[in-house]
Amino acid sequence: MRIHVTSVFVDDQARALEFYTAKLGFRMKRDIPVGDHRWLTVVSPEQPDGVELLLEPDDHPAVGPYRDAIVADGIPAVSFQVDDLKREHDRLTGLGVRFTQEPMDAGPVRMAILDDTSGNLVQLVELKAA
């Protein structure tokens with residue numbers, strides 16, 4: 001068994017696609033019209049056949065209260081691994097990405113948290129050398 005698709009709720013699929021591709025560097029994998037929305041996924045350019053991230057519309061009534069609660073508690077909706085957190089932080093800051101948590105040590109990792117402009121917090125993690 002493997003993870004094939006996971007999702008993050010977004011308030012605007014087009015804006016989310018722009019952020020996740022132009023800022024974070026993912027590539028669009030699928031864009032399939034589904035009623036009023038799209039089955040819109042992105043993947044890492046390093047793993048184009050890997051796990052897909054679905055940019056899922058947030059119009060279900062449970063999404064707002066759920067997302068508001070986890071954001072208020074500072075809990076990221078998703079976590080992405082990076083090889084060099086300082087380099088990624090500098091690159092993203094240069095692109096205007098807003099971080100809610102600057103890079104910090106957290107046990108066996110260095111981590112930072114950013115705002116994805118779609119209502120979510122995103123954690124970036126660099127594994128420290130063993």
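Note that the coordinates shown come from a computational prediction; the quantities given were computed from them, not determined experimentally. The basis for the numbers below is simple: all heavy atoms, side chains too, and nothing from hydrogens, waters or symmetry mates.
Going from atom CG of Asp31 over to atom CG of Leu17 covers 7.0 Å, rounded to the nearest 0.5 Å. Taking CZ of Phe26 as the start and CZ of Phe19 as the end, the distance is 10.0 Å to the nearest 0.5 Å. Between atom CZ of residue Arg67 and atom OG of residue Ser118 there is a gap of 7.5 Å, rounded to the nearest 0.5 Å. For the atom pair Asp58 CG and Asp12 CG, the distance stands at 9.5 Å (nearest 0.5 Å). Summarising the geometry, atom CG belonging to Leu85 is positioned 5.5 Å from atom CD belonging to Glu126; distances are rounded to the nearest 0.5 Å. To the nearest 0.5 Å, atoms CG (Leu114) and CD (Glu102) are separated by 10.5 Å.
Checked for salt-bridge contact, Asp116 and Lys23 miss the test: no charged N lies under 4.0 Å from a carboxylate O. Using a cutoff of 4.0 Å between basic side-chain nitrogens and carboxylate oxygens, Arg15 and Asp11 are scored as salt-bridged. A salt bridge links Arg91 with Glu88; the closest basic N to acidic carboxylate O contact falls under 4.0 Å. Salt bridge status for Arg110 with Asp84: absent, with no side-chain N to carboxylate O gap under 4.0 Å.
When the shell of 6.0 Å around CD1 of Ile3 is examined, it contains 12 or fewer heavy atoms from other residues, nucleotides or ligands. Counting non-hydrogen atoms of other residues, nucleotides and ligands closer than 6.0 Å to CG of Asp105 gives a total above 12.
Both Val8 and Phe99 sit in one connected hydrophobic cluster of ILVMFWY residues. Membership requires side-chain heavy atoms under 4.5 Å apart, directly or through other members.
When Leu24, Val78, Val5, Leu40 are each tested for a side chain to side chain contact (heavy atoms under 4.5 Å, CB included) with Leu53, only one passes: Val78.
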Worksheet entry | Derivation of the side-chain hydrogen bond (donor to acceptor under 3.5 Å, both in side chains) call for His37 and Glu56 | CA-CA 9 Å; His37 302 293; Glu56 186 158 357; over 6 Å; no

